[in-house]
Novice: 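This is the structure I want to talk about, given as structure tokens.
First the proteins, then the strands, lettered A, B, ... as listed; each starts at 1. Note that these values count all heavy atoms, side chains included, but never hydrogens, waters or copies made by symmetry.
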There are 2 protein chains.
Amino acid sequence: MDFQERASQAIRDSGGRMTAQRQIIVELLADAHEDLDADGLFQQAHACDTSISLATVYRTLNTLEAAGLVRQHYNSRDHDRKVYQLIEADAGYHFTCRNCRRVIHFESALVQQIKQMLEMEFGVQVMNACVCMDGLCPDCQTAQLIKGA
Amino acid sequence: MDFQERASQAIRDSGGRMTAQRQIIVELLADAHEDLDADGLFQQAHACDTSISLATVYRTLNTLEAAGLVRQHYNSRDHDRKVYQLIEADAGYHFTCRNCRRVIHFESALVQQIKQMLEMEFGVQVMNACVCMDGLCPDCQTAQLIKGA
DNA sequence: TACGTTATTGCAACTCGTTCTCAATAAGAG
DNA sequence: CTCTTATTGAGAACGAGTTGCAATAACGTA
């Protein structure tokens, strides 16, 4: 059962309806090679169906997240927008350079360990983790030193 | 040298001026027992000096953060507002229940390990880490089960 | 297959944290 | 004390995300 079938299933199980708009959004998410934000998704969806609205994109993303099909992240240092990815995709995390805004993607088993610690220690069920780091990339550290000298 | 002196120093070093408004905000931050958001800080500052403006609070917080004196976090699941704390305070992280919004504060050496890994592997200098977890607290897990049955 | 209920949609107006503009003020070097 | 210019207060502006409402359409049922 692929993602789209599972999505239909999950939506219907919770009393929802699988509409053409949701179908489009689900397909775009399943085909995405990188995290997408609501507006990017809207641009793409609009190319398929010019009548689709941004509000529907937001509502669908929230529905999918509530159904446990999609994960919401904040990647950038200033958390200025949410990005979305399939729950089954590898969760990647991001470091953003304060100065040049370069983004470095990383993965780490340590995040998983933090989740486990929380589940063990507090009995919670962790459903999403947002890990954003920021600071200076190697280039900007050097630039900073030169400027300071 | 306490925080306020260091703050004055750092601000002056970068060509800034230590104003009465900044003094108030720095004091409030130094005395805070918990993370504060801009509005909370504004309320308190307003009690000291009714003429202080919210814009100044925001500007000062950004100045302090750029000077490396203050840390910005997002604690809640929806990242709806930034909270601030002294850089020298213990950085705590937060788990938020999706259902009842209860917040569980936690600390973990693992976050520190992630920073070290990034510094080793990519040569970056990590200046801030935002780690937000969400999911279901023990009570809401139980409630969920009952509802589903 | 047609019907009726009601979830979903598009649109536009709205929310609200945060930033910006700009004229007025004041810090602090000289 | 003076001059330069960083900083301020007030309010407008910004922008991601949400919401109210009337119109539309999904899908269980007859």
Novice: Which nucleotide in the set C/dA12, C/dT19, C/dT18 lies at the smallest distance from any side-chain heavy atom of B/Asn62?
Specialist: C/dT19
Novice: Is A/Glu88 paired with A/Arg6 through a side-chain N to carboxylate O contact shorter than 4.0 Å?
Specialist: yes
Novice: What integer distance in Å separates B/Ile11:CD1 from C/dG28:P?
Specialist: 10 Å
Novice: Could you tell me the separation between the CZ atom of B/Phe42 and the P atom of C/dC16, rounded to a whole number of Å?
Specialist: 16 Å
Novice: With sugar-phosphate meaning primed atoms plus P, OP1 and OP2, does A/Asp80 contact a base, only sugar-phosphate, or nothing at under 4.0 Å between heavy atoms?
Specialist: sugar-phosphate
Novice: Can you check side chain to side chain donor-acceptor pair (under 3.5 Å) on A/Asn99 and A/Gln141, steps first, answer last?
Specialist: CA-CA 9 Å; A/Asn99 190 245; A/Gln141 284 172 57; over 6 Å; no
Novice: Return no unless some side-chain N or O of A/Tyr58 is found under 4.0 Å from OP1 or OP2 of D/dT18.
Specialist: no
Novice: Would you kindly give the CG-to-C1' distance between B/Leu54 and D/dG11, to the nearest whole Å?
Specialist: 12 Å
Novice: Is the phosphate of D/dG9, meaning OP1 or OP2, less than 4.0 Å from a side-chain N or O of B/Gln21?
Specialist: yes
Novice: When you match B/Arg59 and B/Met18 each to their closest nucleotide on DNA chain C, which lands nearer the 5' end?
Specialist: B/Arg59
Novice: Choosing from D/dA6, C/dT6, C/dG10, which nucleotide comes nearest the side chain of B/Arg17?
Specialist: D/dA6
Novice: Please tell me whether A/Leu64 and A/Val83 are part of a single hydrophobic cluster in this structure, the criterion being side-chain heavy atoms less than 4.5 Å apart.
Specialist: no
Novice: At under 4.0 Å, does any side-chain N or O of A/Arg12 touch on OP1 or OP2 of D/dC27?
Specialist: yes
Novice: Using a distance-only test with no angle check, is there a side-chain donor-acceptor pair under 3.5 angstrom linking B/Asp90 and B/Gln85?
Specialist: no
Novice: Tell me the interatomic distance from B/Leu41, atom CG, to C/dG17, atom C1', rounded to whole angstroms.
Specialist: 15 Å
Novice: Would you indicate, yes or no, if C/dT8 has its OP1 or OP2 atom less than 4.0 angstrom from a side-chain nitrogen or oxygen of A/Arg22?
Specialist: yes
Novice: Which nucleotide in the set D/dA26, D/dA16, D/dG17 lies at the smallest distance from any side-chain heavy atom of A/Thr19?
Specialist: D/dA26
Novice: Heavy-atom nearest nucleotide on DNA chain C for A/Gly15 versus B/Tyr84: which residue maps closer to 5'?
Specialist: A/Gly15
Novice: Can you sort out the partners of B/His79 under ring-ring contact (aromatic ring centres under 6.0 Å, His included), two or more places apart, ordered by chain and number?
Specialist: A/Tyr74, A/His79, B/Tyr74
Novice: Please report, rounded to the nearest Å, how far the P atom of D/dT8 is from the CD1 atom of B/Ile24.
Specialist: 11 Å
Novice: Roughly, in whole Å, what's the span from CG in B/Leu61 to C1' in C/dT19?
Specialist: 13 Å
Novice: Need one value for A/Ile52: base, sugar-phosphate or nothing, where a base atom within 4.0 Å counts as base even if backbone is also close, heavy atoms only.
Specialist: sugar-phosphate
Novice: In whole Å, what is the span from the CD atom of A/Gln23 to the C1' atom of C/dT9?
Specialist: 16 Å
Novice: Round to the nearest Å and state the distance from A/His46 atom NE2 to C/dG10 atom P.
Specialist: 11 Å
